[in-house]
2 protein chains.
Amino acid sequence: MASIKDVAAAAGVSVATVSRVLNEHPSVSADARTRVLAAVADLGYRPNAVARSLRTDQTHTLGLVISDVMNPYFTELARSVEEEARALGYSVIIGNADERPDLQDHHVRNLLDRRIDGLLVSPTDGGSPLMLDAVRAGTPMVFVDRWIPAVDVPVVRADGRAAVRDLVAHLYGLGHRRLAIIAGPAATTTGSERVEAFRAALAEYGLPLPDAYTGQGDFQAESGRRVTEGFLDLPEPPEVVFAADNLMALGALDAVRARGLRVPDDLALAAFDDIPWFVHTDPPVTAIAQPTGELGRAAVRALVDRIEGRTPTSVTLPARLVVRRSCGEPPTPTPSLSPVQRSTSVQRSTS
Amino acid sequence: MASIKDVAAAAGVSVATVSRVLNEHPSVSADARTRVLAAVADLGYRPNAVARSLRTDQTHTLGLVISDVMNPYFTELARSVEEEARALGYSVIIGNADERPDLQDHHVRNLLDRRIDGLLVSPTDGGSPLMLDAVRAGTPMVFVDRWIPAVDVPVVRADGRAAVRDLVAHLYGLGHRRLAIIAGPAATTTGSERVEAFRAALAEYGLPLPDAYTGQGDFQAESGRRVTEGFLDLPEPPEVVFAADNLMALGALDAVRARGLRVPDDLALAAFDDIPWFVHTDPPVTAIAQPTGELGRAAVRALVDRIEGRTPTSVTLPARLVVRRSCGEPPTPTPSLSPVQRSTSVQRSTS
DNA sequence: GCGAATCGTGTAATCGATTCCACGAGGATC
DNA sequence: GATCCTCGTGGAATCGATTACACGATTCGC
């Protein structure tokens with residue numbers, strides 16, 4: 001593979017001049033420039049990004065460590081992150097932690113070794129020494145979706161509290177009183193926050209959230225199945241299950257179906273995180289939708305701000321409830337009362 | 001960030017010795033080794049992968065350029081690729097082409113500039129000059145899922161012909177005679193192959209595949225919707241639609257639902273690529289399942305074989321039909337005739 | 001017409017590693 | 001006791017870029 005020396009030789013100039021042409025440095029004669037450009041085209045020369053990075057100490061690369069690529073929510077997040085990064089002239093290397101702290105550390109270490117310019121993390125746990133060291137060492141970092149409390153790093157996330165309140169109102173309105181939740185790992189902010197928001201919303205209606213109705217999941221489908229089976233085995237099973245992410249909702253659907261039961265007749269279901277498939281499940285699933293694309297883009301902008309010396313800011317965007325049929329038949333909307341008039345944060349799905 | 005010089009200074013040895021310790025070169029005294037290791041731990045030193053790559057001319061990184069990350073099939077592929085690569089000591093940088101040749105080229109160029117050790121590609125088109133040049137220049141490359149004919153690169157893929165034949169047999173058995181297909185882009189091998197396999201299987205039953213029943217899609221949901229609407233507008237619409245990938249099947253489902261029609265009563269549906277959500281759609285979708293994880297792992301092994309000087313081999317694995325309810329009620333299986341006895345390649349879904 | 005400013009260019013240092021080569025100390029061989 | 005290995009080590013070249021600095025050639029001002 002041709003190097004800058006070959007180009008210099010072919011153009012009859014020094015490597016410095018070639019470098020200047022490539023970096024659009026002003027002081028190069030038109031003559032030299034055309035000769036260099038010709039040589040570049042001729043040899044099919046492409047600058048070695050590795051050498052360039054070593055010299056300039058920047059890789060124009062962002063690391064993205066997410067909890068689980070197979071989760072459609074994170075897939076979409078990753079996609080929007082890559083798009084925005086590309087628009088700003090950066091590449092992205094994705095590390096999939098699979099909800100495992102050790103894997104998360106593996107990827108963080110790997111990315112740090114590669115001298116990425118900045119790190120976007122959706123932490124799987126409360127923060128390993130490695131990650132805390134990286135922050136302390138001044139690695140540009142931004143948390144997205146989940147974060148680690150007491151660490152001074154900008155956070156880009158959605159606030160689901162209002163939407164959870166809307167959800168509980170919706171459930172209460174349908175007559176449900178025994179509501180259960182499949183929570184995520186308590187070590188994650190999204191894991192504990194969603195339970196808290198749910199509990200607080202229930203309290204507004206004077207409803208309790210007994211321990212028996214708080215199942216411990218891990219954001220993976222299998223745990224949703226397991227917890228739901230536990231609920232169904234209870235002497236008095238809940239009437240509704242609220243899954244704290246879409247994969248656990250899938251697991252719950254599996255569990256209900258495996259017993260030959262029906263959603264929502266035997267057990268109603270709602271989920272955090274909306275995905276295209278929820279429109280087509282049987283029944284369509286009522287879910288809380290995050291502005292995923294916006295989150296990814298805002299996170300990249302915050303990180304690049306930090307990298308390029310500007311001051312990054314945390315961003316919190318609202319999530320919103322999307323009502324479908326998995327919690328019971330919604331009242332048919334009357335023409336005189338459009339969804340918009342009912343509530344600004346509740347959207348009735350058109351499906 | 002500490003460099004090898006700092007470690008050398010702290011340990012009172014030369015950088016050469018530090019490097020030897022780090023690379024487990026035998027000729028280092030026990031004394032020097034312990035001093036170096038102590039200095040490394042002390043400074044929290046981590047070798048700079050950029051500098052190492054420049055010197056050794058290897059990055060221990062694989063590039064993976066796929067057509068569409070948002071497609072669950074490719075997400076799973078990417079995940080298995082990363083897992084196997086990690087097991088073999090490589091990292092993976094994913095480039096999402098979004099079914100766009102220009103984006104594909106962008107990523108290939110970017111990965112080449114970064115001097116990745118090898119490239120795994122699922123080509124979006126028939127092969128850009130850039131890609132052909134890369135092959136000619138000797139870049140280790142392996143095609144996965146899709147490939148480019150007449151290019152001498154190992155291919156790892158699934159052969160769906162037998163499964164498509166099983167599907168047509170299944171459809172014919174249910175009484176369907178007017179079968180249509182939503183094809184992928186003709187420029188992709190999977191786009192044209194699946195149509196051909198379908199046409200050939202139909203021919204075995206004396207059924208035609210009229211042009212009006214061959215819709216041109218692009219592997220994205222929107223095209224599935226559009227094509228399906230076209231089918232439904234026909235004077236004599238088909239009885240079944242076979243979508244060449246899961247996203248177009250989702251689009252088809254959308255289109256049917258938007259008209260207030262039912263699957264399979266008004267229009268039956270089958271898809272290439274099985275995904276977990278198909279179990280829970282309304283109705284569950286009959287699909288052809290690829291051994292996705294195996295494909296990803298085999299592709300990585302082939303590529304690493306090539307990189308490390310061994311001879312890589314192409315791999316073709318069989319796909320299999322998974323019958324669900326989207327094509328009509330399947331005959332209830334009789335105890336005396338288990339799925340295994342019926343056909344080795346047809347699996348009756350347990351859902 | 002002479003000193004100063006400007007412009008284009010090349011030389012060489014540098015980034016952080018790996019690795020070839022040379023060298024000195026010590027042990028084995030005769 | 002001289003010679004030859006072996007072993008551990010350091011010096012220095014190298015990978016492919018960027019960039020500070022120096023230098024010669026023009027051009028400008030007065």
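In what follows, chains are A, B, ... by sequence order, proteins preceding strands, each numbered from 1.
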Look at the side chain of B:I4 and decide which nucleotide, out of C:dT9, C:dG16, D:dA17, has an atom nearest to it. C:dG16

Taking only side-chain N and O atoms of B:K5, does any of them lie within less than 4.0 angstrom of OP1 or OP2 on C:dC15? yes

Looking across every strand, which nucleic acid part, if any, lies under 4.0 Å from A:V13 by heavy atom: base, sugar-phosphate, or nothing? sugar-phosphate

Does a side-chain N or O from A:T17 land closer than 4.0 Å to OP1 or OP2 of C:dG10, or not? yes

Can you tell me if the side-chain N/O atoms of A:R52 get under 4.0 Å from OP1 or OP2 in D:dT18? yes

Checking side-chain polar atoms at under 3.5 Å, does A:S67 have a donor or acceptor matched by the opposite partner on A:R146? yes

Is any side-chain N or O of B:S19 closer than 4.0 Å to OP1 or OP2 of C:dA17? no

Between P on C:dT19 and CG on B:D57, what's the gap in Å once rounded to a whole number? 12 Å

Does the A:T17 side chain pair with the main chain of A:V15, one donor and one acceptor, at a distance under 3.5 Å? no

Length of the line joining A:E24:CD and D:dA17:P, which is rounded to integer Å: 17 Å

Return the value, rounded to whole Å, for the distance between atom CG of B:L22 and atom P of C:dA17. 8 Å

Rounded interatomic separation in angstrom, taking CG from A:N48 and P from C:dC15: 18 Å

Would you indicate, yes or no, if D:dT9 has its OP1 or OP2 atom less than 4.0 angstrom from a side-chain nitrogen or oxygen of B:S27? no

Below 4.0 angstrom from OP1 or OP2 of D:dT18, is there any side-chain N or O of A:N23? yes

Separation of C:dA17 C1' from A:R114 CZ (nearest whole Å): 15 Å

Do B:R20 side-chain and D:dG10 base share a donor-acceptor contact under 3.5 Å? yes

B:S14 side chain N/O closer than 4.0 Å to the phosphate oxygens (OP1, OP2) of D:dG10? yes

A:M1 CE to D:dC15 C1', in whole Å, measures 15 Å

Between A:R114 and B:T61: side-chain donor-acceptor atoms closer than 3.5 Å: yes

Nearest whole angstrom, please: distance from the C1' of D:dG16 to the CZ of A:R46. 15 Å

Indicate yes or no: does A:E294 engage A:R297 in a salt bridge with an N to O separation below 4.0 Å. yes

Between B:V28 and B:R55, name the one whose nearest nucleotide on DNA chain D is closer to the 5' end. B:V28

Let me spell it out: for each of B:R33 and B:T56, pick the nucleotide of DNA chain D with the closest heavy atom. Which residue's pick is nearer the 5' end? B:R33

NZ/NE/NH1/NH2 to OD/OE distance under 4.0 Å, B:D31 and B:R35: yes

Output the rounded distance in Å from CG (B:D31) to P (D:dG10). 11 Å

Touch check for A:A32, heavy atoms < 4.0 angstrom, all strands: base, sugar-phosphate only, or nothing? sugar-phosphate

Assess the side chains of A:D145 and A:Y73: does a donor N or O sit below 3.5 Å from an acceptor N or O? yes

